[in-house]
K.L.:
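Here it is, the structure in full.
We number each residue from 1, following the sequence as shown. Atoms within each ligand, like the ligands themselves, are counted from 1 in listed order.
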Amino acid sequence: MRSLVRETHLDPSDLILPVFFDANIDEVKYTGSMPGVPTYPLSGYGSIVDDILGSGVSSVIVFGVPKKKDAVGSDAYSDDGVVQQATRGLKGALDGRELLVITDLCMCEYTDHGHCGVLREDGDVDNDATIELYGRIAVSQARAGADIVAPSGMMDGQIDAIRTALDAEGFDDVPIMAYSAKYQSAYYGPFRDIACSAPACGCGARKDRATYQMDPANRREALRETATDLDEGADIVMVKPAGPYLDIIRETADAFPVPLCAYQVSGEYAMIKAAAANGWIDEGRIMMESLVGIKRAGADMIITYFAKDAARMLRGE
Ligand code: PBG
Ligand code: ZN
């Protein structure tokens, strides 16, 4: 009876797993602040794909740590970049099976200063020079086989620039998942441990992303950012982080009849893992409650580091 009257259902097909590749390693590596989240070398794609699909997850979002970071993040738009190689590797290992590959599209993992774009002389991000490079990143990711590109840099006009660049190269069928309402959040800390992407280089640039990511205190601004992205051609929009921004998810879902993704970020995951490791909470139940809460708030899909565990649990394993 309870399942008949249940209002919100989670399904493995709702979940997107973040997957990290590092061009500098030969063996799988783990990061202290993200227990259970592997960083893969650019090899062994067969077993990576087996592991993901075997859990019941069928979508991933790919992040990369490049061999070399530089001022303009050139690995991000190189056809031989870490994400491009990983995308080709994953797709090449499928052998008839299906895995949706979304590529995160940003520059902070590739720049030596850790910002999401190129810098002007005064140390602030050069918005318009950056979105031009985003167009090049999108094209190289699409060429590598990405099914969806997901710009996360929060530059103004980025969706329009990416759509235009993709269309010009014949990739008009590659959709854009826009990180539309992305807050300047301390919850990204553990991610930056994995990607070594904290904005801090001693080069005089700002040590935070406040000039492009959103103030956690704002809600109207989230709706405006989302409306702008949709105007520019976004196909899927996103709220990030998820748990501390359930009100934003609800308002976005009510305001726009489009697919909505929510990103349960690294800090949300790490807090649950840490408390569970101490025996203070029931990890499985908290994991499911956090995910169902995000869906109940209005998300259609969730990017979560729990994707494999949650999918297995949903399938009764
Ligand atoms: C890149 C990007 C970040 C995350 C996703 N894409 C980091 C950031 O903005 O610093 C964070 C994801 C997480 O914390 O799990 N811009
Ligand atoms: Zn970034």
Side-chain angles (χ1 to χ4, degrees), residues 15-21 31 33-39 60-66 69 72-73 75-77 81-83 102-119 124-127 130-131 133-134 137-138 141 148-156 158 162 176-201 205-216 225 238-245 261-273 290-291 294 302-307:
L15 307 174
I16 302 166
L17 176 73
V19 184
F20 295 89
F21 290 89
T31 304
S33 54
M34 290 292 278
V37 177
T39 300
V60 295
I61 180 164
V62 176
F63 296 92
V65 182
K69 303 189 186 223
V72 293
D75 194 89
Y77 45 89
V82 55
V83 160
I102 305 168
T103 46
D104 182 79
L105 194 169
C106 200
M107 293 180 79
C108 47
E109 295 113 275
Y110 309 92
T111 52
D112 50 17
H113 44 73
H115 277 287
C116 301
V118 290
L119 301 182
D124 271 345
V125 167
D126 185 337
N127 188 92
T130 297
I131 61 176
L133 292 174
Y134 283 3
I137 302 176
Q141 292 179 343
I148 298 178
V149 296
S152 62
M154 288 297 279
M155 298 299 140
D156 293 339
Q158 62 180 10
I162 289 165
I176 301 175
M177 173 191 271
Y179 286 69
S180 301
K182 178 172 177 181
Y183 285 89
Q184 194 223 341
S185 172
Y187 286 89
Y188 307 151
F191 173 97
R192 293 176 189 173
D193 293 341
I194 299 183
C196 316
S197 62
C201 67
R206 296 182 64 99
K207 301 284 182 276
D208 64 49
R209 306 202 200 291
T211 59
Y212 42 99
Q213 296 183 349
M214 282 183 28
D215 183 340
E225 289 278 1
M238 195 193 300
V239 173
K240 176 187 174 197
Y245 297 88
C261 181
Y263 197 144
Q264 184 182 50
V265 301
S266 56
E268 298 176 71
Y269 174 82
M271 291 194 307
I272 295 173
K273 288 302 253 190
S290 69
L291 294 171
I294 293 165
I302 306 171
I303 301 176
T304 173
Y305 300 93
F306 284 119

K.L.:
For Asp193 and Ser33, does a side-chain donor sit closer than 3.5 Å to a side-chain acceptor?
P.N.:
yes

K.L.:
Looking at atom 16 (N) of ligand 1, what's its closest protein heavy atom, distance included?
P.N.:
Lys182 NZ, 2.8 Å

K.L.:
Do the ring centers of Phe20 and Phe191 come within less than 6.0 Å of each other?
P.N.:
yes

K.L.:
Lys273: which residues meet the salt bridge (charged side-chain N to carboxylate O under 4.0 Å, His left out) condition with it, sequence neighbours left out?
P.N.:
Glu283

K.L.:
Distances under 2.8 Å only: what protein N/O/S atoms are near the Zn ion (ligand 2), ordered by chain and residue?
P.N.:
Cys106 SG, Cys108 SG, Cys116 SG

K.L.:
Can you confirm whether or not the ring centre of Tyr77 sits under 6.0 Å from the ring centre of Tyr110?
P.N.:
no

K.L.:
Of all heavy-atom pairs between Ala195 and Glu109, which one has the smallest distance, and what is that distance?
P.N.:
CB-CG, 3.7 Å

K.L.:
Determine whether the side chains of Ser152 and Asp104 contain a donor N or O and an acceptor N or O closer than 3.5 Å.
P.N.:
yes

K.L.:
Short list, please: which atoms of ligand 1 are under 4.0 Å from a heavy atom of Phe63?
P.N.:
5 (C), 6 (N)

K.L.:
Mind checking whether Thr111 and Val118 have side chains closer than 4.5 Å, heavy atoms only?
P.N.:
no

K.L.:
Among all protein heavy atoms, pick out the one at the shortest distance from atom 5 (C) of ligand 1; state its residue, atom name and that distance to 0.1 Å.
P.N.:
Lys240 NZ, 2.6 Å

K.L.:
Check for me whether the distance between the ring centres of Tyr183 and Tyr245 falls short of 6.0 Å.
P.N.:
yes

K.L.:
Measure from NZ or CZ of Lys182 to the centre of the six-membered ring of Tyr212 and say whether it is under 6.0 Å with the direction within 45° of the ring axis.
P.N.:
no

K.L.:
Please classify the Ser266 to ligand 1 contact at 4.0 Å (heavy-atom distances, strictly less than): side chain, backbone, both or neither.
P.N.:
both

K.L.:
Would you call Cys108 a ligand 1 contact, heavy-atom distance under 4.0 Å?
P.N.:
yes

K.L.:
Which of the listed options, Phe191, Tyr269, Tyr187, holds the heavy atom that is closest to atom 12 (C) of ligand 1?
P.N.:
Phe191

K.L.:
Checking side chain to side chain contact (heavy atoms under 4.5 Å, CB included) against Asp208, which of Gln213, His115, Gln184 comes through?
P.N.:
Gln184

K.L.:
Above 12 or not: heavy atoms from other molecules or residues under 6.0 Å from OH of Tyr187?
P.N.:
no

K.L.:
Under 4.0 Å from any heavy atom of Gln213, which atoms of ligand 1 are there?
P.N.:
9 (O)

K.L.:
Which of the atoms in ligand 1, numbered in the order shown and given with their element, are less than 4.0 Å from a heavy-atom of Cys106?
P.N.:
16 (N)

K.L.:
Under 4.0 Å from any heavy atom of Tyr263, which atoms of ligand 1 are there?
P.N.:
12 (C), 15 (O)

K.L.:
Using a strict 4.0 Å cut-off to heavy atoms of Arg209, name the atoms of ligand 1 that fall inside it.
P.N.:
8 (C), 9 (O), 10 (O)

K.L.:
Is Ser152 in polar range of ligand 1, meaning some N or O pair under 3.5 Å apart?
P.N.:
yes

K.L.:
Give the minimum heavy-atom separation between Thr304 and Leu15, together with the two atoms involved.
P.N.:
CG2-CD2, 4.1 Å

K.L.:
For atom 15 (O) of ligand 1, what is the closest protein heavy atom, and at what distance to 0.1 Å?
P.N.:
Tyr305 OH, 2.6 Å

K.L.:
Among His115, Gln264, Arg192, Glu268, which residue places a heavy atom closest to atom 8 (C) of ligand 1?
P.N.:
Arg192

